[in-house]
Amino acid sequence: MSISEILPRLYEASLVTIQVLLVSIVFMFIIAFIAGLSRVSKYKFVRVLTLIYVEFFRGTSLLIQLFWIMFAVPLIFGIRFDPFLAGVIALSLNYGAYSSEVVRSSIEAVSKGQTEAGIALNMSRRLRMFRIILPQAFRRMLPGFGNNVIELLKGTSLLSFITLTEATRMARNLANQSFDDYLTIFTCLLLVYFTIALPLVLITKYLERRASRGVADA
């Protein structure tokens, strides 16, 4: 099997990888901001509930989470997900937990003096958060978000475990058909993942430069 035969089939399957990646990134960011803001809530029970979610998903394997959402939840609760949706749910919850810590740590890294200035201006807690704290914290979040997006891309390779035919599963199928081309197939797979990851890295670097423009470190 030649490279010209392998690459088109891998790139065709990578469309599924890209679809899962893009949808999961959207939900990852939503979960990250909700959980991140909840971690700095003034209500203790909100902080505790969010901490349990974060530590549970950070402390257990993504592969096992995929198994539970795809195979265990239907048996226990009678709720069935197709492999695409199960993959998006698991990836979003897992990397949302990691990213929420990026949000929390970035918020806590903003100088206390900024909060005190908002209080002196008689701004409410919510107004201080959205007008003063978050704009400054967002710049600090970008490197962490960039890393988590790349890790999320790598995590999509586990979706072959729940029968979704994405790039890695296609490579395994091709390797099973032609074991002698095993090395060539997985070398092409490396190229496919790098091709998907490179724009993500460049976009993150661009956003970091834009966010840092004209801003002095505190």
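In what follows, every heavy atom counts, from backbone to side chain, and hydrogens, waters and symmetry copies are set aside.
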If you compare all heavy atoms of [X] against all heavy atoms of [Y], which two are closest, and at what distance to 0.1 Å?
X	Y	value
Leu10	Leu174	CD2-CD1, 4.2 Å
Ala97	Arg58	CB-CG, 4.1 Å
Pro74	Ile69	CD-O, 3.8 Å

Query - Sole candidate of Thr168, Val20, Thr17, Val88 that passes side-chain contact (heavy atoms from CB on, under 4.5 Å) when paired with Leu159 - result: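 Exactly one option meets the side-chain contact (heavy atoms from CB on, under 4.5 Å) with Leu159, and it is Val20.
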Enter the distance from [X]:[atom1] to [Y]:[atom2] here, rounded to the nearest 0.5 Å.
X	Y	atom1	atom2	result
Ile6	Ile185	CD1	CD1	4.5 Å
Asn147	Leu152	CG	CG	12.5 Å
Ser61	Trp68	OG	CH2	13.5 Å
Arg126	Arg131	CZ	CZ	12.5 Å
Leu62	Asn94	CG	CG	4.5 Å
Arg210	Ile203	CZ	CD1	13.5 Å

Requested in this report: Go through Phe27 and Val23 one step at a time and tell me if the side-chain contact (heavy atoms from CB on, under 4.5 Å) criterion holds.
Outcome: CA-CA 7 Å; Phe27 285 104; Val23 177; 3.7 Å; yes
**Report entry** Derivation of the side-chain contact (heavy atoms from CB on, under 4.5 Å) call for Met141 and Val103
**Finding:** CA-CA 6 Å; Met141 297 176 196; Val103 174; 3.9 Å; yes
Report task. With sequence neighbours excluded, tell me which residues meet side chain to side chain donor-acceptor pair (under 3.5 Å) with Glu5. Result ->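 Here the qualifying residues are Ser2.
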Query raised in the report: Sub-3.5 Å donor-acceptor pair from the side chain of Tyr98 to the main-chain atoms of Phe57, do we have one?
Result: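 No; judged by distance alone, with no hydrogens or angles, the pair does not exist.
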Query raised in the report: Between Val16 and Thr165, is a side-chain contact (heavy atoms from CB on, under 4.5 Å) present by the stated rule, with each step listed?
Result: CA-CA 7 Å; Val16 176; Thr165 307; over 6 Å; no
Query raised in the report: Going by atom types only, do Tyr11 and Thr195 share a side-chain donor-acceptor pair under 3.5 Å?
Result: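 Result is yes, a qualifying pair exists.
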Side chain proximity check, [X] to [Y], heavy atoms < 4.5 angstrom:
X	Y	answer
Ile162	Phe81	no
Gln19	Phe84	yes
Thr156	Tyr193	yes
Val192	Leu7	yes

Query raised in the report: Does Leu190 belong to the same Ile/Leu/Val/Met/Phe/Trp/Tyr cluster as Met170, with side-chain heavy atoms less than 4.5 Å apart forming each link?
Result: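 Looking at the clustering, Met170 is in a separate group from Leu190.
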Query raised in the report: Any chance the rings of Phe29 and Phe33 have centres within less than 6.0 Å?
Result: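 Here the rings of Phe33 and Phe29 have centres that are no less than 6.0 Å from each other.
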Query raised in the report: For Glu12, does the CD atom have more than 12 heavy-atom neighbours from other residues, nucleotides or ligands under 6.0 Å away?
Result: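 It does not: Glu12 CD has 12 such atoms or fewer within range.
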Query raised in the report: Please, which pairs that meet side-chain hydrogen bond (donor to acceptor under 3.5 Å, both in side chains) have at least one residue in residues 30-52, sequence neighbours excluded?
Result: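 Only Arg39-Glu101 qualify under side-chain hydrogen bond (donor to acceptor under 3.5 Å, both in side chains).
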Query raised in the report: Who else is in Leu202's hydrophobic cluster (ILVMFWY, side-chain heavy atoms under 4.5 Å, direct or via others)?
Result: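 Joined to Leu202, directly or through intermediates: Phe194, Leu198.
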Requested in this report: Would you sort out whether Ile150 and Thr204 count as a side-chain contact (heavy atoms from CB on, under 4.5 Å), showing the intermediate values?
Outcome: CA-CA 10 Å; Ile150 298 300; Thr204 302; over 6 Å; no
